[in-house]
K.L.:
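Have a look at this one.
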Amino acid sequence: MSRVFWAIVGKELLSFIRSWQLVLVVLYSFTVNVYISGSGIEIKPRNVAVGYVDYTGGGMSQNILTRLHAPEFLPPRRFTSQEALSRAIYDKEIIVGIVFDPDFEKQWRQGHKSQINVLLDATAASQAYTTLGYLQNIVMGFSELDIPIEIASHKLFNENADNHTFMALTELLSITTMLTVILTAIVFVREKEQGTWDIMLLMPVNPKLIILAKSFSQILIVMGGIVISLGFIVLGIFSTPINGSFWAFLLLTFFYVWASAGIGLFIAAVARDIMQVAQLSILVMMPLIFLSGAWTPIYAMHPILRTVSLISPLRYYIEGTESIFYRGTEWIDLWPYFLGVISVGGIMYFIGFRKIGRLF
Amino acid sequence: MKARVIKAYILKELTELIRSRFIVMVYLMPTMILLLFGYGIRMEVLGARTLIIDNDRSLLSYRLISKFEHSKYFGVTVEPLSEAEALRRIKQAKTDVVIIIPESFEKRLLHAQTTQIGIFTDAAFPSRGITIETYVKGVILDAASGMNANLASGIIKINQRTLFNQAMRDEDAIVPGLIGLVLLVAPAILAALLIVKEKERGTIFNFYASALSKGEFLSAKLIPVFMLHSLNIFVLFLWAVYVFNVPFRGSFWLYWFASEIYLLISISIGLLISVITRTQIVAVVLTVIITIIPGFLYSGIIMPISSMSGMSQIEAHIFPVMYYNHILYDVFLIGEGLESDKTLRYLFILSFYAFVLLGLSRILLRKELK
């Protein structure tokens, strides 16, 4: 039995390596691609372009503006009139515009209520929100509020809220999902398309073994990519801290890749040719990736989607990975993630065995 | 040009596309993605799971807690836990933020002594962590300044006005960007297999042997997909305006025209991939890798391009999504239209892209055996 298993695995690996284009594409996605999104993408505000119109003649207003410094803000640009400022915001050159009214400083010195007018480009919603928070904090500092409350705030697990490691990791997880699903689905459908799949099933070998061997070969390829990506990019260049157990992560990854291969198997069972695989896998993967909690917390979603996301293995995997890498969660508290991933994988393989694993 | 031959070829392609039952996908996929994402992606953090440990249990601490309870940004539970237990909750990812109100909180406040409130935010998801932290601080400071009214003088108020999206609705900020993503991914993946499929099956020899020129062959591949997906431009528009209630302030003609050019680009990306790859599997993987993730990252949905740095900034300018999305946000939310030079410039850049991509496919396509 195991001889057949390894023969099939070997055959699939060989046909993978023979296609240099495919090897190149897979390597690119696991290395360069992960590096690019890790190095440049920041979700927290950075280099926010600020423009201002100052009708007061300096002093207090400049004092506030100097607090808007790098890396969060670009040096504020001066505009002579509010119209010029609005135009720049319309052209998306400026995200935040600040207007100081002529009597702003006078009001403030006399202890009256004074106000700053802030124009935000809300098409960049998350930037706008956080910039507003920054401004509020800065202004609060000037107001010399005499409150006897200190706030001791700690950001746990990631003190500087460093986004690079996080983005690199998220990208790696997304790539893993996409490649596993597509590679596995195509390995089966290619045979279906060429008609050799029926011959495989006619062989005196348990079809379950063939299915397991074929998907295992793709799991091996993806795991290889993950190890390369972890070694060179995630742990190498970005030196992501691992607060939990590395082996827990690898084990979880293995089960996750296995579950995604199950999804690929499911697609392969439904699709007839590669065109259909392409369409179906996009239809399945995009919700899987973007609604997994990597971009929006699950509890903030629409209730229906929240329920749907229960069947996404990526949901468990991402939370589990975050826990292992950043929160340093112990093995015992990781069981929900393992359970989630394994049960989704199990269901997918069960369906796959039934639908694709027999001739009639 | 042999118009009759091209017509026959187009007819053949169209029937092939329609016969594969998955023609439904051409219309189902964009709609489904738009609906799922439009409802699924939220930028503001609502209902952050907040655990408050109240060690004081006084009037003032209750008042502070009720401030949190009345905010839609927090989902509050108050439990008497030790710090270690609270930390474990965070590690199990059951809580996003822990707020600890110290003992004798009220007493010290009334005696005007400083007292310290502890906030522990889970920053495993950095941007969410920062947002939550800012919200919590805001609530506490707000509560504190409400406690004695005479503090109100001498405060600088921020009079904020948000442009284009007054209510700060997430739908308005996200849905136009999604159209740019969908119209990139769906046509590209449909077109990516058209030529490589023939290569793998060997039917490409029909083309080698036929009198059809390379340009004619490409247009015969391009036009059916183009026609089928053109309808999606209107479908997506209807979803955005009537289901998500995104305002439409610009000119519909500009939207239509820009979208058709953009469609041409995404189909050309697919065709180019189809021309350079040898097997269908590579074509699928390559299309997915270079459309989905960049389409999302560089669309301006999650971050404006101006805030990117280094390689990402360059890559964002390479992908056509950025230019199209600028126009999209303009027609939906801003309405400047062609009066703005930037829109006009971007429209030219888009046309240039379509031209270059199609030209490249034509150059790289072979019409004979190696």
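Just so you know, these numbers come straight off a predicted model, no measurement behind them. Here is the naming used below: chain letters follow the sequence lines, and residue numbers restart at 1 for every chain.
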K.L.:
Is L179(A) close to V285(B) at the side-chain level, that is, under 4.5 Å between some pair of heavy atoms?
P.N.:
yes

K.L.:
Would you sort out whether R190(A) and T279(B) count as a side-chain contact (heavy atoms from CB on, under 4.5 Å), showing the intermediate values?
P.N.:
CA-CA 10 Å; R190(A) 201 172 42 190; T279(B) 47; 5.9 Å; no

K.L.:
May I ask you to name which of E200(B), K197(B), R88(B) has the most heavy-atom pairs under 4.5 Å with chain A?
P.N.:
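Top option by heavy-atom pairs under 4.5 Å: R88(B).
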
K.L.:
At a heavy-atom separation under 4.5 Å, does I186(A) approach chain B through its side chain, its backbone, both, or neither?
P.N.:
side chain

K.L.:
Could you tell me which portion of I100(B) (side chain, backbone, both or neither) has an atom closer than 4.5 angstrom to a non-hydrogen atom of chain A?
P.N.:
neither

K.L.:
Measure the spacing between CD1 of I189(B) and CG of L280(A) and express it to the nearest 0.5 Å.
P.N.:
11.5 Å

K.L.:
Tell me which of these, D96(B), V97(B), I33(B), L194(B), has more heavy-atom pairs under 4.5 Å with chain A than the rest.
P.N.:
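Highest number of heavy-atom pairs under 4.5 Å: D96(B).
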
K.L.:
Which region of Q21(A), side chain (C-beta onward) or backbone (N, CA, C, O), has a non-hydrogen atom less than 4.5 Å from a non-hydrogen atom of chain B, or is it both or neither?
P.N.:
both

K.L.:
Between V185(B), L190(B), D330(B), which residue shows the highest count of heavy-atom pairs closer than 4.5 Å to chain A?
P.N.:
L190(B)

K.L.:
Compare every heavy atom of Q280(B) with every heavy atom of E193(A), then report the nearest pair and how far apart it is.
P.N.:
OE1-NE2, 3.5 Å

K.L.:
What part of R49(B) gets within 4.5 angstrom of chain A, counting heavy atoms only: side chain, backbone, both, or neither?
P.N.:
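Both the backbone and the side chain of R49(B) come within 4.5 Å of chain A.
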
K.L.:
Give me the one residue out of I290(B), I289(B), V288(B) that meets side-chain contact (heavy atoms from CB on, under 4.5 Å) with S29(A).
P.N.:
I289(B)

K.L.:
With rounding to the nearest 0.5 angstrom, report the CD1 to CD1 distance, I292(B) to I282(A).
P.N.:
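These two atoms lie 4.5 Å from each other.
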
K.L.:
Shorter than 4.5 Å, heavy atoms on both sides: which option in Q194(A), E319(A), M286(A) has the most such pairs with chain B?
P.N.:
M286(A)

K.L.:
What part of L193(B) lies closer than 4.5 angstrom to a heavy atom of chain A: side chain, backbone, both or neither?
P.N.:
side chain

K.L.:
With only heavy atoms counted, which part of M178(A) is less than 4.5 Å from chain B, the side chain, the backbone, both or neither?
P.N.:
side chain

K.L.:
Under 4.5 Å from any heavy atom of chain A, what part of L286(B) do you find: side chain, backbone, both or neither?
P.N.:
both

K.L.:
Is F325(A) in contact with chain B via its backbone, its side chain, both, or neither, using a 4.5 Å heavy-atom distance?
P.N.:
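Neither part.
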
K.L.:
Of the listed residues (L36(B), V282(B), V98(B), I276(B)), which shares the most heavy-atom pairs with chain A below a 4.5 Å separation?
P.N.:
V282(B)

K.L.:
Checking I98(A) against chain B: side chain, backbone, both or neither under 4.5 Å from a heavy atom?
P.N.:
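Neither; nothing under 4.5 Å.
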
K.L.:
Counting only heavy atoms closer than 4.5 Å, note whether W335(A) contacts chain B via side chain, backbone, both or neither.
P.N.:
neither

K.L.:
Considering only heavy atoms, which portion of M32(B) lies under 4.5 Å from any heavy atom of chain A: side chain, backbone, both, or neither?
P.N.:
side chain

K.L.:
Between I274(A), V26(A), I182(A), V99(A), who has the most heavy-atom pairs with chain B when the cutoff is under 4.5 Å?
P.N.:
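Winner by heavy-atom pair count: I274(A).
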
